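Predicted model, so just to flag it, every value in this text is computed and none were measured.
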Amino acid sequence: MKTTIIIPTLETERLTLRAANVDDYDRFVSYFAHESSWFTGGPCEAIEAYRRLMWVAGSWVLKDVGIFVVADRKTNVCLGTCGAYTPPDWPENEIGWWLHPDARGRGLATEAA
């Protein structure tokens, strides 16, 4: 039985890809309340955004791969997510991402991926 989970932290020129934490909650709620979140299963209520934050954290525990929070390297503010996920009905890992509306148009998804 695995007892220690190590979630790496990666850095790019502008971004930190890191584990999710409770400080990301408001940004998840804000993103999933926005109409453009329909690409990723939204819009939804705050409780569902919370579940998605927990899923981002928990995927590392269950699969040893997961979704990173994409944060501004200078401020550590959550800009979105990017990483691998393993759908149960799909034969291989997928790469997924979302960016908060205020983080779009700057090439951040490409940089994170």
Side-chain angles (χ1 to χ4, degrees):
M1 181 173 170
K2 188 188 315 184
T3 58
T4 302
I5 305 302
I6 298 173
I7 301 172
T9 299
L10 309 173
E11 290 187 338
T12 70
E13 183 179 332
R14 299 178 289 173
L15 304 172
T16 300
L17 282 68
R18 59 167 173 75
N21 65 60
V22 296
D23 293 334
D24 301 321
Y25 172 73
D26 289 339
R27 293 291 285 178
F28 270 65
V29 170
S30 176
Y31 169 74
F32 282 106
H34 194 270
E35 63 188 25
S36 66
S37 70
W38 74 273
F39 288 108
T40 54
C44 60
E45 300 293 324
I47 189 63
E48 182 60 26
Y50 175 76
R51 287 183 186 111
R52 290 167 192 228
L53 175 61
M54 298 300 283
W55 169 72
V56 166
S59 63
W60 290 96
V61 173
L62 298 175
K63 294 288 194 166
D64 285 332
V65 297
I67 304 291
F68 291 98
V69 165
V70 176
D72 181 279
R73 189 168 171 185
K74 292 179 182 171
T75 66
N76 201 34
V77 170
C78 171
L79 304 174
T81 65
C82 182
Y85 69 101
T86 55
D89 58 345
W90 197 252
E92 55 194 37
N93 290 344
E94 290 284 328
I95 300 294
W97 69 91
W98 60 259
L99 285 178
H100 195 279
D102 64 15
R104 296 179 187 158
R106 295 183 275 161
L108 299 177
T110 300
E111 186 173 332

Checking Ser37 against Trp98 for the side chain to side chain contact (heavy atoms under 4.5 Å, CB included) test, could you report, in this order, the C-alpha distance in whole Å, the side-chain angles of both residues, the deciding distance, and whether it holds? CA-CA 8 Å; Ser37 70; Trp98 60 259; over 6 Å; no

What pairs of donor and acceptor atoms, side-chain ones from residues 43-57 against any protein atom, are under 3.5 angstrom apart with sequence neighbours left out?
| residue | atom | partner | partner atom | Å |
| --- | --- | --- | --- | --- |
| Glu48 | OE1 | Arg51 | NH1 | 3.3 |
| Glu48 | OE2 | Arg52 | NE | 3.1 |
| Arg52 | NH1 | Thr40 | O | 2.7 |
| Arg52 | NH2 | Gly41 | O | 3.2 |

Is there a side-chain contact between Phe28 and Cys78 (heavy atoms, below 4.5 Å)?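 The answer is yes, as the side chains (C-beta and beyond) meet within the 4.5 Å cut-off.
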
For the OH atom of Tyr85 and the CG atom of Asn93, what is their distance to the nearest 0.5 Å?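 The CG atom of Asn93 is 10.0 Å from OH of Tyr85, to the nearest 0.5 Å.
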
How many angstroms lie between atom CZ of Phe68 and atom CD1 of Ile7, to the nearest 0.5 angstrom?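 Result: 8.5 Å between the selected atoms.
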
Test side-chain contact (heavy atoms from CB on, under 4.5 Å) applied to Ala33 - qualifying residues, sequence neighbours left out: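 Partners of Ala33 by the side-chain contact (heavy atoms from CB on, under 4.5 Å) criterion come out as none, since no residue qualifies.
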
Name all residues meeting the side-chain contact (heavy atoms from CB on, under 4.5 Å) criterion together with Asp72; count only those two or more places apart in sequence or in a different chain, and write none if there are none.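 side-chain contact (heavy atoms from CB on, under 4.5 Å) list for Asp72, sorted by chain: Lys74, Thr75, Leu79.
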
Decide if the gap between the ring center of Phe39 and the ring center of Trp97 is smaller than 6.0 angstrom.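 Judged by ring-centre distance (under 6.0 Å), Phe39 and Trp97 do not meet the cut-off.
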
Applying the 4.5 Å side-chain criterion to the ILVMFWY set and letting contacts propagate, would Val65 and Leu10 be lumped into a single cluster?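 Unlinked, Val65 and Leu10 end up in two clusters.
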
Linking I/L/V/M/F/W/Y whenever any side-chain heavy atoms sit under 4.5 Å apart, do Leu15 and Leu99 land together?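 Same cluster.
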
Show me, pair by pair, the donor-acceptor contacts under 3.5 angstrom made by side chains of residues 105-113, not counting sequence neighbours?
| residue | atom | partner | partner atom | Å |
| --- | --- | --- | --- | --- |
| Arg106 | NH2 | Asp102 | O | 3.3 |
| Glu111 | OE1 | Arg14 | NE | 2.7 |
| Glu111 | OE1 | Arg14 | NH2 | 2.5 |
| Glu111 | OE2 | Thr12 | OG1 | 2.5 |
| Glu111 | OE2 | Arg14 | N | 3.0 |

Non-neighbouring partners of Glu94 that pass side-chain hydrogen bond (donor to acceptor under 3.5 Å, both in side chains), sequence neighbours left out: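 By the side-chain hydrogen bond (donor to acceptor under 3.5 Å, both in side chains) rule, Glu94 matches Trp90.
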
Does Thr86 have any side-chain hydrogen bond (donor to acceptor under 3.5 Å, both in side chains) partners at least two apart in sequence or in another chain, and if so, which?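 None.
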
Shortest non-hydrogen separation from Asp24 to Arg18 and the atoms involved: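 Closest approach of Asp24 to Arg18, heavy atoms only: OD1-NH2, 2.8 Å.
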
Qualifying residue, where the test is side-chain contact (heavy atoms from CB on, under 4.5 Å) with Tyr25 and the options are Val29, Asn21, Val22: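 Result: among Val29, Asn21, Val22, Val29 is the only option passing the side-chain contact (heavy atoms from CB on, under 4.5 Å) with Tyr25.
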
